[in-house]
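Notes for the one structure printed next.
Side chains included, hydrogens not; waters and symmetry mates left out as well; all remaining heavy atoms used. The sequence lines fix the lettering, A, B, ..., with proteins before strands; numbering per chain opens at 1. Keep in mind that what you see is a predicted model, and the values were worked out from it rather than measured.
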Amino acid sequence: MKRMLQEKGLHGFRIIGKPIWGVGCCKRNGYVEEAVKFQRGGIKLAEDLVCYNTLMHHFVTEKKMACGEQILGRMLVRGLSVDAITFGTLIDGYLKEGEVEKSMVVYDGMVKMKKMPNLVIYNSTVNGLSKKGMSGAAEGMVNAMERKDAVTYNTPLNESLKTGDLSSPGTGTGTRNGDGNGDGKRQTDTSPFQEKRSRDVSGFRLNPSPAFPRRPRPLGEPGTRDGTQVAYPCNLAGDVEEAARVLSEMQKQQEEGEELVSLVTYNIMFNHLCKFGCYEKAKEVLKSMVERGVVPDSITYGTLITSFSKNNRGGEEVVELHDYMVLNGVRPHEQIYKSLVSPLLKDP
DNA sequence: GTAGGGTTAG
């Protein structure tokens, strides 16, 4: 039997008894389906917390929320322990489906079982709320959170920059988006959207679930340095200059030991800086990122090379950018390299 | 020694 499992690629699978390499291992090998079939087919596989959590994650990413609920039910019925990861996975699944209410129901259930929500669950919720346009609610959560990390801010920052879509094609190239633009956009594009957004938020505020949001931990840590709160990036409305300012504040706090800026944060900034034509600023930020020891990845590469090429910044600058990133450890996005960079290198 | 959850583009 064990050999059969191994032949199927289910290495380390155990038929009950000892420490296991359960479904988690199958998943790595792309065999979750097999594991599920085995389970249905009466072959007894090890059933423990990690195994069920892995199944839960699988169902949730397939958007099979009913199955996720079933997994939770089965765990409870069998008296298995259930932890924050079990609940967190389910909560995140609902939020990704835009089902804020249902995520709150699960959250309440968790609290009733005396399980403390952790940072990941809060981040997940902030992410879900932001993507639903409920920036006010998201901001409320962030303010109520005691601990935060880079993930906490990434989605709100991204969403906040997206909203002020000043699409002015054609004028894109050298124009800096100074103060003048701010007035123009307020009168035209964004106002209907903002109205809708604040309605959503107030709707949320009128019917909040009793225990939600709540502080992550009642830990009254005496030594917390306060007054160093980062301005929460909730209403940047496409103002990249302001965003860049917020970023440098966050970088400052990073130096004081708080992990608030990550590679993803930089990638978000690059994306928006380029969209708004702030190429020089983008290069500055790239430099400061590298100097802080953050290595660009293929998303960084793709974002920067694509927009620099699109806007005809000149081949030289694109190549220069490519070289700089490669020298600093990026593995170029292959397709983008082939289509945009290597043609520039042809020398007859 | 061991496993499982959250963030960015196209």
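In this structure, a donor-acceptor pair under 3.5 Å is present between the side chains of A:Asn53 and A:Thr86.
By the ring-ring contact (aromatic ring centres under 6.0 Å, His included) test, A:His322 pairs with A:Tyr301, A:Tyr337, sequence neighbours left out. With sequence neighbours excluded, the residues forming a side-chain contact (heavy atoms from CB on, under 4.5 Å) with A:Asp92 are A:Lys96, A:Ser124, listed by chain and number.
In this structure, CG of A:Leu247 is placed 21 Å from P of B:dT7, rounded to the nearest angstrom. In this structure, the CG atom of A:Asp149 is 9 Å from the C1' atom of B:dT7, given to the nearest Å. The CD1-C1' distance, from A:Ile299 to B:dG10, rounds to 10 Å in whole Å. Taking atom CG of A:Leu129 as the reference point, atom P of B:dT7 lies 13 Å away to the nearest angstrom. Remark: P of B:dG4 and NE2 of A:His57 are 10 Å apart, rounded to the nearest angstrom. Atom CE in A:Met250 sits about 15 Å away from atom P in B:dT8, given to the nearest Å. Per the geometry, CZ belonging to A:Phe308 stands 18 Å off P belonging to B:dA9, to the nearest Å. Atom pair A:Leu95:CG and B:dT7:C1' shows a separation of 14 Å (rounding to whole Å applied).
Looking at heavy-atom distances under 4.0 Å, A:Ile336 makes no contact with the nucleic acid at all. Residue A:Ile121 is classed as a base contact, given a heavy-atom separation below 4.0 Å to a base.
Using a 4.0 Å cut-off between charged nitrogen and carboxylate oxygen, A:Glu249 and A:Lys252 do not count as a salt-bridge pair.
Closest to the side chain of A:Lys131, from the set B:dT7, B:dA9, B:dG5, is B:dT7. In the set B:dA9, B:dG4, B:dG5, the nucleotide with an atom closest to the side chain of A:Leu49 is B:dG4.
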